[in-house]
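Pasting a structure below so you can have a look.
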Amino acid sequence: MKDSKYLTIDEVLNKGSGNVHLRGWVYRERKSNKFVFIVLRDESNIIQCVVSKEKNPELFEEAKKLTIESSIKVSGELKKDERAPTGYEISPVSDLEIIQIAEPFPITAEQSPELLYDNRHLWLRSRKLNAVLKVRHTVVGAIHEFFRSRGYYEFDAPIFQPIQSEGGSTLFEVKYFDDKVYLSQSWQLYAESAVFSLGKIYNMGPTFRAEKSKTSRHLAEFWMAEMEAAWMKLDEVTEVAKDEIRFIIQEVLKHNRKELEILKRDSNLLEYYVKEEYPTIKYTEALDILNNEYQMHVPWGKDLRTIEEAKISEFFKVPVVVTHYPTKIMGFYKPPSNDNPEEALCFDMLAPEGGLEIIGGSERSLLVDDMIKRLEADGEDPLRYAWYFDLRRYGSVPHSGYGLGVERVIQWICGLENIKDAIPFPRTMIRKTP
Ligand code: 4AD
Ligand code: MG
């Protein structure tokens, strides 16, 4: 049963006046000869609480013992005070119950990022991560709502997979009894079998890539939100992707104004991304822009690097879909276009403000011989994909899908420098604890 006496700080701030009861943790404390100023923190917000020596000498002595992150219950009078961090304070505190005096907290104001990652289990309490985790909650909820409200079924694929989909170099190999398997790089190949049953499907789940590069945008374990739909072609699937991104941003604007402010993220920009159209261009047009506008001479056939993606996004200033990348640098399942087999029917979506690739997708190849050749060129044994090729033998139809990097979207929406702050406990090549 809810202990009804206690309100959260936000509930108290909404109430605006009266005698209130709160519980939480000491976020900051400052002692003077006459007062102890406590900034109390709970899941919802922070509020200043003032213990006066003159008004309550016994409580004042108690409050002097408090350390950062000590857990307490506080009662007192809520008053407006412009100088207080959230515009109100509890003054005077009329009751204070100490639940635990915290040991000296290992995190102080000025700290190296690595120490914050070492203490991630404690740093989750920071205002920054509290805000990011709330945005993450909204993003994940929005993705489910987006697909469910459009008639997509949620479908689950195995995490242990005997084959690869995104290239052998990033596979995590796992001992599997007397054999070996890989951790899922993507839900896609299994999803392709399910669209012949369910039509339109989606999923969000943990995804693993042994990324050997240390960048601010790659995790070894991340969450991918994927969709797959029978009968869908490239021009349609890119529009679904645009709608999904727009919907996610709308939901964040609806639910997370306060968090965006804490993160110092300009919500006007996000509003702009909701209103504007997102262009679709071909890879070849992207090269033209790079050559003509930025004098970057990227030869046709090379994948776009981070710096080039950044320029494309700088040029458009909204999310942009780039299609028709060179077939030879794309995965085996991305089909050559009929008009020009050098170009694949695939796309990436690049986010503005840095050109982060937030989505990758494609039509799926229906050409078994071509896929076999490309797998062999990659050193794969096509026999292991026999079940996948079956899908092209029993009522094959065009189908398409894409995967959205959940942490990449959070990184972009929150304006985070490093993707590690978009997930509670990041995993990278050099970080696997706590
Ligand atoms: O572009 P990717 O590799 O596409 C696929 O895996 C397809 N099978 C998806 C599909 O069509 N169903 O990955 C999709 C997205 C990327 O655009 C990126 O946003 C994210 O997943 N991503 C990563 N995010 C964080 N860390 C990594 N190491 C990531 N690798 C990919
Ligand atoms: Mg990609």
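Both ligands and their constituent atoms are indexed starting at 1 by order of listing.
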Query raised in the report: Is NZ or CZ of K334 both nearer than 6.0 Å to the six-membered ring centre of Y325 and within 45° of the ring axis?
Result: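 No; the conditions do not both hold, so K334 does not lie above the ring face of Y325.
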Requested in this report: Answer yes if the ring centres of Y202 and W187 are under 6.0 angstrom apart, and no otherwise.
Outcome: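 Centroid distance Y202-W187: not below 6.0 Å, so no.
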Query - Greater than 12 external heavy atoms within 6.0 Å of E277's CD - result: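 Result for CD/E277: open.
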Query raised in the report: Minimum heavy-atom separation for F316 to P279, with atom names?
Result: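 Nearest pair, atom of F316 first, then P279: CD2-CG, 3.5 Å.
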Query raised in the report: What protein atoms of element N, O or S are positioned under 2.8 Å from the Mg ion (ligand 2)?
Result: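 Listed by chain and number: E357 OE2.
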Report task. Verify the neighbour count for atom NE2 of H137: are there more than 12 heavy atoms of other residues, nucleotides or ligands below 6.0 Å? Result ->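 Counting other residues, nucleotides and ligands, NE2 of H137 stays at 12 neighbours or fewer.
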Requested in this report: Below 4.0 Å from any atom of ligand 1, which residues have a heavy atom? Give them in chain and number order, please.
Outcome: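 For ligand 1, the contacting residues are E166, S186, Q188, R209, E211, R217, H218, L219, F222, M224, E226, Y333, E357, I358, I359, G360, G361, R364, G401, Y402, G403, G405, R408, I419.
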Requested in this report: Quick one: which residue pairs count as a salt bridge (Lys or Arg N to Asp or Glu O under 4.0 Å) with a foot in residues 354-374, not counting sequence neighbours?
Outcome: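 Every salt bridge (Lys or Arg N to Asp or Glu O under 4.0 Å) pair that includes a residue of residues 354-374, provided the two are not neighbours, is E228-R364, D370-R374.
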Query - Set of residues satisfying ring pair (Phe, Tyr, Trp, His ring centres under 6.0 Å) with respect to F37, sequence neighbours excluded - result: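 Partners of F37 by the ring pair (Phe, Tyr, Trp, His ring centres under 6.0 Å) criterion, ordered by chain and then number, come out as F35.
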Report task. Begin with the C-alpha distance, continue with both residues' side-chain angles, and end with the deciding distance and a verdict on side-chain contact (heavy atoms from CB on, under 4.5 Å) for Y278 and I245. Result -> CA-CA 10 Å; Y278 306 163; I245 290 298; 4.2 Å; yes
Query - Between T8 and D10: side-chain donor-acceptor atoms closer than 3.5 Å - result: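 Short answer, no.
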